[in-house]
Visitor: 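Provided herewith is a single structure, encoded as structure tokens, for subsequent inquiry.
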Amino acid sequence: MIRLLEKNVAGKIAAGEVIERPISVVKELVENSIDAGSSDVVVEIKKGGTEYIRVTDDGMGIAEEEAELAFMRHATSKIEKAEDLDALTSLGFRGEALASIAAVSRTELITKTRDQKTGIKLSIEGSQVTYKEKVGCPDGTSIIVGDLFFNTPARRKFLKSQAAEAASIIEFVTRMALAYPDIKFRMINNDAILFATRGNGSRLDAIITVSGRKESSKLLEVYGESQGMKLTGFISGPGESRANRKEQIFFVNGRNVDSKVIEKGINKAYKERLFEGRYPICYLFIEVEPDTLDVNIHPNKREIRFDDNERVTEFIEETLKNALLSQDSIPEIAAGKIYEPAKSVIPEYKKEEKYSEQIDVKNILSTMRENENISHDSNIFVIETPSTYESNKIIEKETIKEPAPVIHKVLDFNELQVIGVLFETYILASLDDEFYLVDQHAAHERVFYEKLAVRMERRDTFSQEIMIPITFDCSWEGTDWIEPLLDFGYVIEPFGPGIYAARAIPDFFDQSGAETFLKDYVAALDDDIDFESRELKDMLATRACKSAVKGGDILSGPEISALMEDLSKCRNPYSCPHGRPTFIKMSRYEIEKRFKRV
Ligand code: ADP
Ligand code: MG
């Protein structure tokens with residue numbers, strides 16, 4: 001039932017946005033359609049929405065006697081008391097959208113509830129009802145907003161081009177279609193149907209329909225639940241990324257939001273898995289308890305406030321990592337498209353490789369292995385397993401539809417059959433109905449990196465004395481900058497004003513490698529560096545690994561087994577620390593398809 005909010009309740013609600021642009025109208029109307037329980041929503045616009053906006057739904061409709069009330073300020077059927085705000089499950093609640101829209105346009109409402117035989121048609125012009133009659137119409141509501149801002153010409157001036165206005169509307173409807181895969185959304189622009197989702201409940205289908213790209217089907221499904229939070233969605237594996245965040249789309253309790261808190265969780269999960277400056281594709285749908293979220297902020301702001309940011313970031317990170325650690329995240333050669341790393345990235349990598357030092361990888365690895373054997377520590381590597389699925393109890397909520405949990409399988413390295421080596425670079429292997437190629441160099445880097453990280457963590461340094469100290473200049477004040485180098489095994493002493501000498505270097509570098517690393521480090525010092533930060537250490541470890549590992553070694557059978565064994569113990573076995581994949585795979589089915597056997 002639509003009623004007017006009492007003054008004190010209305011006063012507690014942050015003031016709504018005045019209708020500024022056509023998108024504001026579409027947003028309010030579509031949200032109303034969703035709140036009305038619709039399963040079919042059509043959005044039609046003409047001339048960027050300035051001339052014509054129509055939103056038609058098959059929802060619950062508005063009863064004849066309430067139709068006029070719906071257009072009054074603070075008239076809503078969604079809340080009654082101030083306490084209702086904390087348990088909000090609807091998108092609207094302010095009860096002022098229709099009033100604001102009607103005040104600045106010629107609006108027409110056609111609506112019918114299931115119980116009523118005939119519907120009602122209402123015309124409103126700048127808040128005045130000008131026409132009302134019974135009409136025959138299907139169940140649901142259709143609202144047409146024509147001549148937007150006809151009576152407020154000043155606002156027309158602030159509009160962007162029709163194309164730009166249309167673009168923001170289309171983007172919004174796209175996002176709603178993603179958020180509500182069980183609702184059929186049709187988007188019509190200037191008489192052309194742009195997309196029509198199937199409304200079959202499949203998010204992936206919705207993503208494919210609106211993004212119009214086939215690769216979407218290769219996205220990795222994520223699923224996680226923890227402490228009343230739930231995350232579902234689709235993300236890209238190590239083989240695919242974007243140059244910007246455009247394909248990072250988030251929904252919290254059905255609302256499309258921007259959130260640094262969520263982005264942070266993504267960044268953490270993909271750390272060491274993507275090249276710097278590349279962004280994963282992430283369609284994330286998050287459900288949290290409504291009372292842990294502040295929605296009563298400016299309605300046009302897409303930022304939201306969580307009670308506990310850290311908890312949310314951590315949850316996102318863990319859930320994404322689980323998916324990224326699974327076998328499914330290995331890039332697949334399929335559907336006639338061969339995996340191709342982004343062009344801008346690979347030449348860059350090669351370029352740096354040229355400077356890398358000629359170090360014997362096999363040697364490093366075997367020395368490291370020996371050291372490990374001496375220490376007899378089986379806890380050097382902890383393999384993360386997807387534990388969230390089993391241990392956390394499912395929080396049943398009626399308002400939240402329950403997609404089936406995705407169970408990710410972790411690749412069983414013990415079962416992997418190594419077949420041989422291709423081009424002296426790629427290890428060939430198979431398991432069940434999958435065929436794998438492992439990039440030896442990327443694998444070495446990953447193994448080296450993780451071993452280095454473990455040793456650094458334990459401050460188990462690994463210096464080698466050198467005959468002739470490396471001397472270098474450093475104008476940096478104090479000695480803070482030396483600290484991170486000590487962790488790697490450098491021993492550094494002052495040698496004169498602004499001059500220093502390294503008497504010992506890490507055991508995994510040769511002298512020139514150690515020198516290049518040192519000088520690069522000194523050259524990169526700047527005021528913003530926090531010498532104690534984890535980020536700096538990680539960055540240095542990544543760089544060390546670039547200089548220490550080189551490709552092109554011909555590995556013997558036992559060496560391959562040892563490398564695979566080492567890789568299996570890695571926390572992130574599927575990509576090198578710079579973000580290249582270590583594995584790619586092809587299914588038996590795909591192979592048979594290409595030979596036209598199936
Ligand atoms: P709010 O959504 O904040 O309640 P609105 O001004 O958007 O306020 O809508 C006022 C009321 O009109 C709603 O509370 C709802 O009862 C009714 N209404 C609006 N649009 C629809 C619709 N598409 N289907 C059914 N009822 C609707
Ligand atoms: Mg509303």
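Numbering of ligands and ligand atoms starts at 1, following listing order.
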Visitor: Any side-chain donor paired with an acceptor under 3.5 Å for Thr113 and Gln116?
Guide: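 Distance-only check passes for Thr113 and Gln116.
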Visitor: Should the pair Arg106-Glu125 be classified as a salt bridge under the 4.0 Å nitrogen-to-oxygen rule?
Guide: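 Looking at Glu125 together with Arg106, the answer is yes, because their closest N to O distance falls below 4.0 Å.
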Visitor: Establish, yes or no, whether a centroid distance under 6.0 Å links the rings of Phe234 and Tyr283.
Guide: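 No, they do not, as the ring centres are separated by 6.0 Å or more.
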Visitor: Salt bridge or not between Glu44 and Arg54? Use side-chain N to carboxylate O under 4.0 Å.
Guide: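 Arg54 and Glu44: salt-bridged.
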Visitor: Could you tell me if any non-hydrogen atom of Gly59 lies under 4.0 Å from any atom of ligand 1?
Guide: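 Judged by the 4.0 Å heavy-atom criterion, Gly59 does not count as contacting ligand 1.
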Visitor: Please state which protein non-hydrogen atom is closest to atom 4 (O) of ligand 1 and give its distance, to 0.1 Å?
Guide: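 Residue, atom and distance for the closest contact: Thr76 OG1, 2.5 Å.
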Visitor: Students should be able to answer this: which protein heavy-atom is nearest to atom 2 (O) of ligand 1, and at what distance?
Guide: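 Residue, atom and distance for the closest contact: Lys78 NZ, 2.7 Å.
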Visitor: For atom 22 (C) of ligand 1, grab the closest protein heavy atom and report residue, atom and distance to one decimal in Å.
Guide: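 The closest one turns out to be Thr141 OG1, 3.7 Å.
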Visitor: For Ala97, take its heavy atoms, then give the atoms of ligand 1 lying under 4.0 Å from any of them.
Guide: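 Atoms satisfying the 4.0 Å criterion: 6 (O), 7 (O).
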Visitor: Does ligand 1 have any atom that is closer than 4.0 Å to a heavy atom of Glu96?
Guide: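 For ligand 1, residue contact (heavy atoms, under 4.0 Å) with Glu96 is present.
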Visitor: Between Glu247 and Arg242, is there a side-chain N and carboxylate O pair less than 4.0 Å apart?
Guide: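 Counted as a salt bridge, because a side-chain N and a carboxylate O are separated by less than 4.0 Å.
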Visitor: Look at the rings of Tyr574 and Phe583 and say which category their plane angle falls in: under 30° parallel, 30 to 60° tilted, over 60° perpendicular.
Guide: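 Perpendicular.
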Visitor: With atom 23 (N) of ligand 1 as the reference point, say which of Val30, Asp57, Thr113 has the nearest heavy atom.
Guide: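 That would be Asp57.
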Visitor: Just need the protein heavy atom nearest to atom 19 (C) of ligand 1, so name the residue and atom and give the distance.
Guide: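 The closest one turns out to be Asn32 ND2, 3.4 Å.
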Visitor: If we only count N/O pairs under 3.5 Å, is Ile2 in contact with ligand 1?
Guide: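 No, since none of the N or O atoms of Ile2 sits under 3.5 Å from an N or O of ligand 1.
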Visitor: Checking Ser168 against Arg21: is there a side-chain donor and acceptor pair closer than 3.5 Å?
Guide: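 There is such a pair (donor and acceptor under 3.5 Å, judged by atom type) between the side chains of Arg21 and Ser168.
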Visitor: What is the nearest protein non-hydrogen atom to atom 1 (P) of ligand 1, stated with its residue, atom name and distance?
Guide: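 Here the nearest protein heavy atom works out to Gly95 N, 3.6 Å.
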Visitor: With a heavy-atom distance limit of 4.0 Å, tell me whether Leu98 approaches ligand 1 through its side chain, its backbone, both, or neither.
Guide: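 Answer for Leu98: both.
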Visitor: Below 2.8 Å, any N, O or S contact between Thr76 and the Mg ion (ligand 2)?
Guide: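 Looking at Thr76, which is the residue asked about, there is no N, O or S atom under 2.8 Å from the Mg ion (ligand 2).
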Visitor: Given Ser77, Ser33, Gly61, Ala70, which one has a non-hydrogen atom that is nearest to atom 12 (O) of ligand 1?
Guide: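 Nearest option to atom 12 (O) of ligand 1, by heavy atoms: Ala70.
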Visitor: Taking NZ, NE, NH1 and NH2 as the nitrogens, is one of them in Arg245 or Glu263 under 4.0 Å from a carboxylate oxygen of the other?
Guide: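 Salt bridge: yes.
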Visitor: Nearest protein heavy atom to atom 10 (C) of ligand 1, by residue and atom, and its distance?
Guide: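 Heavy-atom neighbour on the protein nearest atom 10 (C) of ligand 1: Ala75 O, 3.4 Å.
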Visitor: Answer yes when Arg311 and Glu314 have at least one side-chain N-carboxylate O distance shorter than 4.0 Å, and no when they do not.
Guide: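 Between Glu314 and Arg311 there is no salt bridge, as every charged N stays at least 4.0 Å from the carboxylate O atoms.
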Visitor: So is Ile62 polar-close to ligand 1, meaning N/O to N/O under 3.5 Å?
Guide: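 No.
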Visitor: Which heavy atom of Leu148 sits nearest to which heavy atom of Arg156, and what is that distance?
Guide: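 Smallest heavy-atom distance, with atoms named: O-NH2, 2.8 Å.
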